[in-house]
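Throughout, a chain's letter reflects where its sequence line sits, starting with A, and its residues are numbered from 1. Just so it is clear, the structure is predicted and the values come from calculations on it, not from any experiment.
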Number of protein chains: 2
Amino acid sequence: MAGHTAGTAKATAKEDILDAAEALFAARGFEGASMRAIAEAAGVAQALLHYHYKTKEGLFEAMFTRRSGAINRIRLARLDVMLARGRPTVEDIVEALLRPTIEAGHDPSRGGSRFASLILATSTAEGDWQKGLVARSYDSMAERFIAALMGALPGLGRAEATWGYLFVVGAALTQMAPTGRADRLSGGAARDEDTDAMLSRAVIFAAAGLKALATAPPDDH
Amino acid sequence: MAGHTAGTAKATAKEDILDAAEALFAARGFEGASMRAIAEAAGVAQALLHYHYKTKEGLFEAMFTRRSGAINRIRLARLDVMLARGRPTVEDIVEALLRPTIEAGHDPSRGGSRFASLILATSTAEGDWQKGLVARSYDSMAERFIAALMGALPGLGRAEATWGYLFVVGAALTQMAPTGRADRLSGGAARDEDTDAMLSRAVIFAAAGLKALATAPPDDH
DNA sequence: GCCTTGACTGATCGCACGATCAGCGAGAGG
DNA sequence: CCTCTCGCTGATCGTGCGATCAGTCAAGGC
């Protein structure tokens with residue numbers, strides 16, 4: 001194991017690169033963030049990025065899965081605990097889905113709110129490798145939450161549960177992404193808040209929407 | 001007026017460029033779409049893009065405001081009609097907000113669903129000119145709809161109305177953006193549908209969420 | 001018939017990009 | 001003391017980028 005200092009959780013250059021990549025990819029997009037700029041932000045030579053991650057796509061993928069993996073593990077652990085205890089409510093399920101993301105969004109050491117922008121940009125990119133990355137990172141987790149929603153709301157069919165899940169995620173990402181629009185549109189009444197305020201508002205909105213989808217499904221034409 | 005053929009609404013090269021730019025900016029992002037690729041897709045020389053729109057940013061802005069302006073005019077016209085007739089319901093307001101976008105999303109001649117990806121990408125871009133473009137294009141319309149929501153839901157404060165508006169827009173954009181995730185996650189149960197099915201589902205979800213925000217606001221700490 | 005106007009083009013500029021490679025230097029193993 | 005490993009670097013490659021510019025060509029006014 002590489003020596004260079006002591007043992008526990010020292011920030012290595014490899015992690016510094018991922019941090020810098022996260023900030024720049026989120027701010028400027030995949031093509032807009034250059035390997036040169038990431039290297040400079042991380043304080044290393046550009047060639048080191050290629051040494052550790054081979055290509056720009058490799059760096060992006062490593063940066064992406066680091067966060068998504070950590071958050072999804074927490075999400076699924078929370079869901080499993082609730083399912084083991086009994087039948088969770090919609091509110092419980094939505095909170096298990098959103099709390100880990102929103103908490104991470106308020107913790108600069110875990111990427112802050114930048115990651116929300118990144119997911120939005122990545123999942124809407126053209127059909128190439130970025131969509132595959134989103135699918136690989138999120139689909140299995142999403143399927144479990146969709147199933148849990150159907151279990152909590154008997155009237156909710158598969159299609160409505162899927163759309164509902166995507167609605168909830170979209171609304172939450174919109175809330176988290178640091179666009180500054182809420183502050184501006186509300187004349188300062190909707191400033192950045194603590195985790196609990198954002199979470200409870202998102203849960204209230206999402207749970208009510210999901211219940212409505214379950215009791216009054218749209219005309220299935 | 002430039003001659004070259006007859007009078008009414010002939011598709012000129014200038015419009016062809018905007019169409020090609022829209023498709024490529026949505027698919028690959030601002031930096032990912034090159035002027036060369038846009039020119040080739042439009043079937044014109046690259047220099048013509050600079051002749052008509054000066055810079056790449058100029059082209060992007062022209063392409064963006066063409067769609068957003070058209071859609072927002074329809075939105076506000078619908079809202080005005082409803083407000084003149086009496087006090088619209090939340091469902092009415094949400095429908096006035098979402099129907100023009102969703103209808104345009106199903107009409108390839110008006111940009112199809114690509115524009116949804118574009119808004120998501122643009123509004124989450126870093127603090128430069130792209131955010132200003134979103135603000136200039138959407139804020140005044142958004143303020144009027146937020147005010148209308150507060151009028152329809154007496155318990156809804158300014159901050160909650162603003163967040164609620166952003167939730168609704170985020171959920172709708174998530175539904176419209178052609179990511180293919182709904183189809184995949186639902187095992188094919190949530191395929192692309194007609195305008196009315198998508199709209200009624202979004203309205204049901206959004207209206208219920210907004211009502212819940214009005215009656216049970218999050219702890220304001 | 002000529003000249004102006006304006007949409008449009010091909011060639012080319014300098015620049016920044018992603019990627020590669022030979023080499024450096026400190027620490028571990030013998 | 002030698003040597004091998006490996007994280008790391010500076011220099012450099014070829015490519016594709018946005019932008020520019022002199023020129024072409026048809027239509028319209030005089």
Side-chain angles (χ1 to χ4, degrees), chain A residues 1-25 27-64 122 125-126 128-130 133, chain B residues 1-25 27-64 66 125-126 128-130 133:
Chain A
M1 200 153 297
H4 132 68
T5 44
T8 55
K10 177 65 165 49
T12 70
K14 212 173 165 183
E15 290 286 316
D16 290 344
I17 292 171
L18 290 185
D19 291 340
E22 185 172 76
L24 284 168
F25 279 135
R28 306 189 201 169
F30 179 75
E31 327 268 349
S34 72
M35 297 293 269
R36 280 169 171 78
I38 294 169
E40 189 182 4
V44 299
Q46 187 206 339
L48 187 62
L49 276 60
H50 291 280
Y51 174 76
H52 280 307
Y53 302 104
K54 200 67 187 169
T55 65
K56 193 181 185 182
E57 293 188 9
L59 170 60
F60 186 93
E61 183 157 342
M63 172 246 110
F64 192 88
T122 306
E126 187 159 65
D128 52 351
W129 60 275
Q130 297 200 51
L133 179 56
Chain B
M1 197 156 298
H4 125 71
T5 45
T8 54
K10 177 66 164 50
T12 70
K14 213 173 165 181
E15 290 285 318
D16 291 344
I17 291 171
L18 290 184
D19 291 340
E22 185 173 76
L24 283 168
F25 279 137
R28 306 189 201 169
F30 178 77
E31 327 268 349
S34 72
M35 297 292 270
R36 281 169 171 79
I38 294 169
E40 189 182 4
V44 299
Q46 187 206 338
L48 187 61
L49 275 59
H50 292 281
Y51 174 76
H52 280 307
Y53 302 105
K54 199 69 188 168
T55 65
K56 193 182 185 181
E57 292 188 9
L59 171 59
F60 187 92
E61 183 157 342
M63 177 274 292
F64 192 89
R66 175 180 65 157
E126 188 161 61
D128 52 352
W129 61 275
Q130 297 200 50
L133 179 56

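The distance from atom CD1 of B:Ile38 to atom P of D:dG18 is 8 Å, rounded to the nearest whole Å. Following rounding to the nearest Å, A:Glu57 (CD) and C:dA19 (C1') show an atom-to-atom distance of 13 Å. Between B:His50 atom NE2 and D:dG18 atom P there is a gap of 7 Å when expressed in whole angstrom units. Between the P atom of C:dT20 and the CG atom of A:Leu49 lies a distance of 13 Å, rounded to the nearest Å. Rounded to whole angstrom, the span from the CD1 atom of A:Ile17 across to the C1' atom of D:dG7 amounts to 10 Å. Look at OH on B:Tyr53: it is 17 Å from C1' on D:dA19, rounded to the nearest Å. Atom CD in B:Glu40 sits roughly 13 Å away from atom P in D:dG16 (whole-Å rounding).
Taking the six-membered ring for Trp and thresholds of 30 and 60 degrees, A:Phe30 and A:Phe25 have nearly parallel ring planes, at less than 30 degrees apart.
The shortest distance between side-chain heavy atoms of B:Ile17 and B:His52 falls below 4.5 Å. No side-chain heavy atom of B:Asp16 sits under 4.5 Å from any side-chain heavy atom of B:Val44. With a 4.5 Å cut-off on side-chain heavy atoms, A:Gln46 and A:Glu40 do not count as touching. Residues A:Leu59 and A:Ile38 have side chains in contact (heavy-atom distance under 4.5 Å, counting atoms from C-beta outward).
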Show the distances under 3.5 angstrom between N or O atoms of the protein and N or O atoms of nucleotides 8-10 of chain D.
from  : atom 1 : to      : atom 2 : distance (Å)
D:dC8 : OP2    : A:His52 : NE2    : 3.0
D:dT9 : OP2    : A:Ala45 : N      : 2.9

Report each atom pair, protein N/O against N/O of nucleotides 14-17 of chain C, whose distance is under 3.5 angstrom.
from   : atom 1 : to      : atom 2 : distance (Å)
C:dC17 : OP1    : A:Ser34 : OG     : 3.2

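In this structure a side-chain-to-backbone donor-acceptor pair under 3.5 Å is present from B:Lys56 to B:Ala33. Looking only at distances, no side-chain donor or acceptor of A:Tyr53 sits under 3.5 Å from a matching main-chain atom of A:Leu18.
Within 6.0 Å of CD in B:Glu57 there are more than 12 heavy atoms belonging to other residues, nucleotides or ligands.
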